[in-house]
Amino acid sequence: MGIILKKNVAKDSVLGIWEITEDYDELLNKAFLNEEEENTVKSFGNYQRKLEWLSVRVLLNELLNRTDCRIVYNVDKKPFLSDNSYFISISHSRQLTSILLSKTYKVGIDLEYLSHKIQNISHKFINENEWITHDNDKKQLHLYIHWCAKEALYKICDKQDINFKQNLTIIPFHVADKGKIIGVVYNKYRHEEFKLHYFTIDGYVIVWCIK
């Protein structure tokens, strides 16, 4: 399928989403990997993991219109571009892969496929200062927006000393198919507010932020 969304979200900042419909060989041919990257993807035992990993590289090439950018990771598995030309955040779930890039701002993005299992673990990431709707038709989405927002905050804050329930709070909001929310990060490194954006697409929720 390829890119289903490419959107400039701020100065020198672009968000892209790829729908994986290709098989392994198709994605491999589009990824333009170097030898080290080829060895990495071949080492994965899980076929879906191979597709996800390749789709990230293909989407990056499409967003930047170049094939020489390489993704590297620090010890906390936070991604960077080897040439430091952009800040980058990555997320994937089932058949969708997303990337948020910015030359100017730090970035965080998360996407998740909506499933009912989220209600079984909500006690692990929702704190007493947050509010979840009592409308059963909207509760699942409301919980997923909270989860994705906290993942995005975790990423933009470099994954440093963050417990989703204790250190991250989403200011109460009324859920819709898209909107803006405020998240607060409070730990030994910072006490800071972030504006986050969310939207839904084909049974998935995406939350992103830049700062």
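This one's a predicted model, so the numbers in the text were calculated from it and none came from an experiment.
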Next on the checklist: Counting neighbours of NZ on Lys7 that are heavy atoms of other residues, nucleotides or ligands and sit closer than 6.0 Å, is the number greater than 12?
Outcome noted: no

Item to check | Pair listing, salt bridge (charged side-chain N to carboxylate O under 4.0 Å, His left out) test, anchored in residues 117-135, at least two apart | outcome: Glu130-Lys150

Checklist entry - Taking side chain as C-beta onward, heavy atoms only, is Leu101 less than 4.5 Å from Asp12? => result no

Next on the checklist: If I compare all heavy atoms of Ser102 with all of Val107, which pair ends up nearest, and what's the gap?
Outcome noted: CB-CG1, 3.6 Å

Next on the checklist: Through direct or indirect side-chain contacts below 4.5 angstrom among Ile, Leu, Val, Met, Phe, Trp and Tyr, which residues connect to Val184?
Outcome noted: Ile171, Ile182

Next on the checklist: Donor-acceptor check, side chain of Ser13 to backbone of Val9, threshold 3.5 angstrom: yes or no?
Outcome noted: no

Next on the checklist: Are Ile17 and Thr97 packed together at the side-chain level, in the sense that at least one heavy-atom pair is separated by less than 4.5 angstrom?
Outcome noted: no

Checklist entry - Is it true that Asp76 and Lys78 have a side-chain N and a carboxylate O under 4.0 angstrom from each other? => result no

Item to check | Atom pair OH (Tyr47) and OH (Tyr24), whose distance is rounded to the nearest 0.5 Å | outcome: 9.0 Å

Checklist outcome for this item: Interatomic distance, CG@Asp25 vs NZ@Lys30, rounded to 0.5 Å, equals 12.0 Å

Checklist entry - Just how far is it from atom CG of Asn127 to atom CG of Asn163, taken to the nearest 0.5 Å? => result 9.5 Å

Checklist entry - Does a side-chain heavy-atom distance below 4.5 Å link Ile109 with Ile99? => result no

Item to check | Spacing of Glu192 atom CD and Cys157 atom SG [to the nearest 0.5 Å] | outcome: 6.5 Å

Checklist outcome for this item: Value for CD (Glu36) from CG (Asn39), rounded to nearest 0.5 Å, stands at 8.0 Å

Checklist entry - Would a line drawn from the ring center of Phe80 to the ring center of Tyr73 be shorter than 6.0 Å? => result no

Next on the checklist: Would Tyr105 and Phe87 count as a ring pair (Phe, Tyr, Trp, His ring centres under 6.0 Å) here? Give the steps.
Outcome noted: CA-CA 7 Å; Tyr105 307 103; Phe87 294 103; 8.9 Å; no

Checklist outcome for this item: Separation between CD1 (Ile118) and SG (Cys148), nearest 0.5 Å, reads 7.5 Å

Checklist entry - Members other than Tyr189 in its cluster, when Ile, Leu, Val, Met, Phe, Trp, Tyr link by side-chain heavy atoms under 4.5 Å? => result none

Next on the checklist: Ignoring hydrogens, what is the shortest heavy-atom contact between Val72 and Leu81? Give both atom names and the distance.
Outcome noted: CG2-C, 4.5 Å

Item to check | Same cluster (ILVMFWY, side-chain, under 4.5 Å), Ile170 and Val205 | outcome: yes

Checklist entry - With a cut-off of 6.0 Å (strictly less than), are more than 12 heavy atoms of other residues, nucleotides or ligands near NZ of Lys159? => result yes

Next on the checklist: Strictly distance-based, threshold 3.5 Å: is any side-chain N or O of Asp83 a donor or acceptor partner for the main-chain N or O of Cys69?
Outcome noted: no

Checklist outcome for this item: Tightest non-hydrogen contact, residues Gly183 and Leu196, listed as N-CD1, 3.4 Å

Item to check | Centroid separation His146 to Trp131 less than 6.0 Å | outcome: no

Checklist entry - Tell me the ring pair (Phe, Tyr, Trp, His ring centres under 6.0 Å) pairs involving residues 191-211, sequence neighbours left out? => result Tyr113-Tyr204, Phe173-Tyr198, Tyr186-His191, His197-Trp208

Item to check | Close side-chain approach of Gln140 to Leu114, heavy-atom, < 4.5 Å | outcome: yes

Item to check | Considering all heavy atoms, the nearest Lys155-Ser89 contact | outcome: CD-OG, 3.6 Å

Checklist entry - Listed by chain and number, what are the ring-ring contact (aromatic ring centres under 6.0 Å, His included) partners of Tyr144, not counting sequence neighbours? => result none

Checklist entry - Heavy-atom distance under 4.5 Å between the side chains of Gln119 and Leu143, does that happen here? => result yes

Item to check | Minimal non-hydrogen separation, Gly2 against Glu22, with atom names | outcome: N-OE2, 3.5 Å

Checklist entry - Going by atom types only, do Asn129 and Thr169 share a side-chain donor-acceptor pair under 3.5 Å? => result no

Checklist entry - Between Thr133 and His174, is a side chain to side chain contact (heavy atoms under 4.5 Å, CB included) present by the stated rule, with each step listed? => result CA-CA 8 Å; Thr133 180; His174 292 281; over 6 Å; no

Show me the donor-acceptor pairs, under 3.5 Å and distance only, between side chains in residues 58-65 and residues at least two apart or in other chains.
unit_1, atom_1, unit_2, atom_2, d
Asn61, ND2, Ala31, O, 3.2
Asn61, ND2, Arg57, O, 3.3

Checklist entry - Under 6.0 Å between ring centres, would you say that holds for Trp18 and His92? => result no

